[in-house]
**Q** 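Take this structure, written in structure tokens, and hold onto it; I'll ask about it next.
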Amino acid sequence: MREVLTNKELYSSPHEAWKECLKLIKSKVPFLTYNSWFLPIKPVKLSGTTLKIEVPNSFFIEWIDEHYNTVINDTIKDVLGEDARLIYLILDGKDDTIEEEVEEIQEVPEEEPVSYVEPTNNIPPDFNSYLNPRYSFDSFIKGEGNQLARAAAISIGENLHKTSFNPFFVYGGVGLGKTHLIQAVGNRIITKHPGKKVIYLSADLFTVEFVEAIQSNKVNEFSNFYKSMDVLIIDDIQFLIGKEKTQDLFFHIFNTLHQSGKQIILSSDKPPKDLKGLNERLISRFQWGLTADIQPPDLETRVAILKKKSENYGISLNNEILEYIAHNITSNIRELEGCLIKLLANSSFSSRDIDFELVKRTVKEISTNRPANISIDYITKTVCEYYKVDENKVREKNRKKEVVRARQLAMYLSKKLTKSSLKTIGLHFGGRDHSTVIHAYNSVENEFMQDEQFKEFVDGLRSKIEFNAS
Ligand code: ADP
Ligand code: MG
């Protein structure tokens, strides 16, 4: 048996230990896999023989665990000894405080929270801001949809306590960058002012902690803790809806902080006035500072995001591919990222380069798995059932009257019911160009004016599709 030194003798930092692991892993896995899956991992902490590493998202763990479980477990044991344990920290935005283990660990030692803040005199050494360092302004791409929110965020980060943006309230749909942006402010602040107490958490976690505080009779401590922050960042404030007691407490914390000029940053899926079920006095306070929305990214922004993210993953995709993805995945940035990750997975798993075919397949996989979202294919299928024509015929150059009719209607409804661009819709119908889609759309609209019954029929079909998809 080979003699294993304890890590204390060997490694003084998580970086050193992980560097050693990487060397071994590199010799055991294909180059592309190494680059895509292992290089992005960051060592965070080494306590005893337990190494804690950060992965960009939960999909990483699933994938590594599925394909390289043995490699990674053997490696870690080779490097840190038989008792070695590996703990993953997921930096997903949504799961960023969840820890997962690769192997069945009978007994995980109590971990101190990871702190990204340099301890200073004012900040207790175990203080955790729960900010994810991945969310920076540098990695946040500017687009028309996020211009105001981004500019305001940067300004708060640069001029803490000097702007009138208090609270700063960011709202927008899912996956559009709210969490990224509000954490980027926090990260900027702790870089500029390491002595400031900045804390980030979701309103959901805030509620859970509050309930725990009630149960353990520590409501005062809980409330004082948050009142002592310099910057309080709460994500997804809509979670407070319907939680009266939490709202009351939050109201007091808000007032205390605001009165003493501390910065409050909030995000939500809706603007303040639409947060039905939230106490009016909170809604009015949310409007005291600056409210900024984030809109879905336009095509150029989507391409720019894909380009940057793929470079981060160490792959370079040509413009045709970038544009194809950006044309087909339009609603949110999380999905764009998901697509890249899936592409990497598909490519390294089948050991094949990322070519256009693979991209098309991956995009399709993503759009068919999209929940409760109406797809062009589903619309086509429903319309064709009504007209009793073969679905494939509408994608071919068939000019039979009922096929043309079904095709036009499916195009029309695709434009009405999906967020797809004209170009994308055309691609779904045998690669027809956008002018054909416009023509189809106009013909249907024109016919509505002449034929009341036809309009009723289409409205009925439309509700059926919407109903089935929801
Ligand atoms: P939300 O909180 O609005 O649901 P997130 O902030 O979690 O959205 O964003 C989803 C993903 O998209 C994250 O990985 C984030 O880094 C990325 N992202 C969002 N907006 C941008 C942007 N403008 N530039 C780069 N990445 C972005
Ligand atoms: Mg979020």
Side-chain angles (χ1 to χ4, degrees), residues 40 42 54-61 89-98 130-154 157 168-188 200-207 233-241 265-271 274-275 291-313 317 322 325-326 329-344 366 370-371 373:
K42 271 210 298 206
E54 286 173 4
V55 296
N57 50 55
S58 50
F59 187 76
F60 255 75
I61 294 190
L89 190 67
I90 309 172
L91 294 184
D92 225 357
K94 53 182 192 303
D95 310 327
D96 50 347
T97 51
I98 295 173
Y130 291 104
L131 285 166
N132 176 347
R134 186 169 79 90
Y135 293 133
S136 65
F137 288 128
D138 287 345
S139 60
F140 190 83
I141 289 169
K142 180 179 163 185
E144 234 178 78
N146 62 36
Q147 223 164 5
L148 172 66
R150 178 179 166 275
I154 292 178
F168 176 41
F169 189 102
V170 184
Y171 71 90
V174 32
L176 295 181
K178 302 182 295 294
T179 298
H180 188 141
L181 193 63
I182 60 178
Q183 289 210 32
V185 187
N187 279 317
R188 175 63 58 94
Y200 163 88
L201 77 166
S202 73
D204 208 18
L205 187 61
F206 182 83
T207 309
I233 308 176
I234 303 218
D235 210 350
D236 294 314
I237 200 78
Q238 74 273 8
F239 279 125
L240 293 191
I241 286 176
I265 301 175
L266 307 167
S267 89
S268 157
D269 62 346
K270 297 180 202 69
D274 292 346
L275 290 169
T291 301
D293 63 336
I294 301 192
Q295 292 295 328
D298 54 20
L299 182 72
E300 287 99 272
T301 314
R302 297 200 297 277
V303 171
I305 288 171
L306 281 168
K307 209 170 162 134
K308 172 128 186 189
K309 304 240 162 189
S310 53
E311 282 164 11
N312 290 347
Y313 286 125
L317 299 173
L322 292 174
I325 300 174
I329 298 184
T330 53
S331 58
N332 83 51
I333 299 167
R334 189 169 295 143
E335 259 190 14
L336 284 177
E337 263 183 3
C339 179
L340 283 179
I341 292 169
K342 234 185 156 88
L343 254 182
L344 270 170
I366 288 183
R370 201 177 280 150
N373 214 343

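Counting starts at 1 for both ligands and their atoms, following the listed order.
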**Q** Please say whether G175 places an N or O atom under 3.5 Å from an N or O atom belonging to ligand 1.
**A**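 Yes; the residue has a nitrogen or oxygen that sits under 3.5 Å from a nitrogen or oxygen of the ligand.
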**Q** Strictly by modelled atom types, are N187 and S136 linked by a side-chain donor-acceptor pair under 3.5 Å?
**A**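 Looking only at side-chain atoms, S136 and N187 do not form any donor-acceptor pair under 3.5 Å.
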**Q** Does G143 have a heavy atom less than 4.0 Å from any atom of ligand 1?
**A**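 G143: no contact with ligand 1 (<4.0 Å).
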**Q** Is there at least one pair of N or O atoms, one from L181 and one from ligand 1, spaced under 3.5 Å apart?
**A**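 No; the residue has no nitrogen or oxygen that sits under 3.5 Å from a nitrogen or oxygen of the ligand.
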**Q** Could you tell me whether the side chain of V185 reaches within less than 4.5 Å of the side chain of F137, counting heavy atoms only?
**A**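 Yes. Closest side-chain heavy atoms under 4.5 Å.
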**Q** Just wondering, do I329 and R302 contact through their side chains at under 4.5 Å, heavy atoms?
**A**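 Not touching, per the 4.5 Å side-chain cut-off.
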**Q** Does I305, backbone or side chain, put an N or O under 3.5 Å from an N or O of ligand 1?
**A**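 Min N/O separation from ligand 1 is not below 3.5 Å for I305.
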**Q** Which residues and atoms, protein N, O or S only, are under 2.8 Å from the Mg ion (ligand 2)?
**A**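 Within the sphere that stays under 2.8 Å of the Mg ion (ligand 2), the protein atoms of type N, O or S are T179 OG1.
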**Q** Could you check whether any side-chain heavy atom of I305 comes within less than 4.5 Å of a side-chain heavy atom of I333, counting everything from C-beta outward?
**A**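 Yes, at least one pair of side-chain atoms sits under 4.5 Å.
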**Q** Which option, R334, K309, E335, owns the non-hydrogen atom nearest atom 17 (C) of ligand 1?
**A**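 Selected option, by shortest heavy-atom distance: K309.
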**Q** Mind checking whether S139 has a heavy atom under 4.0 Å from ligand 1?
**A**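 Judged by the 4.0 Å heavy-atom criterion, S139 does count as contacting ligand 1.
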**Q** Step through the shown structure and confirm whether more than 12 heavy atoms of other residues, nucleotides or ligands are within 6.0 Å of CD on E144.
**A**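 No, CD of E144 has 12 or fewer neighbouring heavy atoms, counting only those of other groups under 6.0 Å.
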**Q** What do you reckon, is NZ of K270 surrounded by more than 12 foreign heavy atoms closer than 6.0 Å?
**A**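 Enclosed: over 12 neighbouring heavy atoms sit under 6.0 Å from NZ of K270.
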**Q** Measuring only between side-chain heavy atoms, which start at C-beta, is I182 closer than 4.5 Å to V170?
**A**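 They are in contact (side-chain heavy atoms under 4.5 Å apart), so the answer is yes.
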**Q** Can you tell me how far NZ of K308 sits from CG of D138, rounded to the nearest 0.5 angstrom?
**A**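 D138 CG to K308 NZ: 6.5 Å, rounded to 0.5 Å.
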**Q** Who's closest to atom 16 (O) of ligand 1 heavy-atom-wise, of R302, R134, K308, H180?
**A**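 Among R302, R134, K308, H180, the closest heavy atom to atom 16 (O) of ligand 1 comes from H180.
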**Q** Pairs of nitrogen or oxygen atoms closer than 3.5 Å, one from V174 and one from ligand 1: do any exist?
**A**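 Between V174 and ligand 1, no N or O pair is found under 3.5 Å apart.
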**Q** Give yes if a backbone or side-chain nitrogen or oxygen of E337 is under 3.5 Å from a nitrogen or oxygen of ligand 1, and no if not.
**A**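 In this structure, E337 places an N or O atom under 3.5 Å from an N or O of ligand 1.
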**Q** Using atom types as modelled and distance alone, determine if a side-chain donor or acceptor of K307 lies under 3.5 Å from a backbone N or O of L322.
**A**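 Absent.
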**Q** Taking the side chain as C-beta and beyond, is there a heavy-atom pair between Y171 and D274 under 4.5 Å?
**A**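 Result no, sub-4.5 Å side-chain heavy-atom pair not found.
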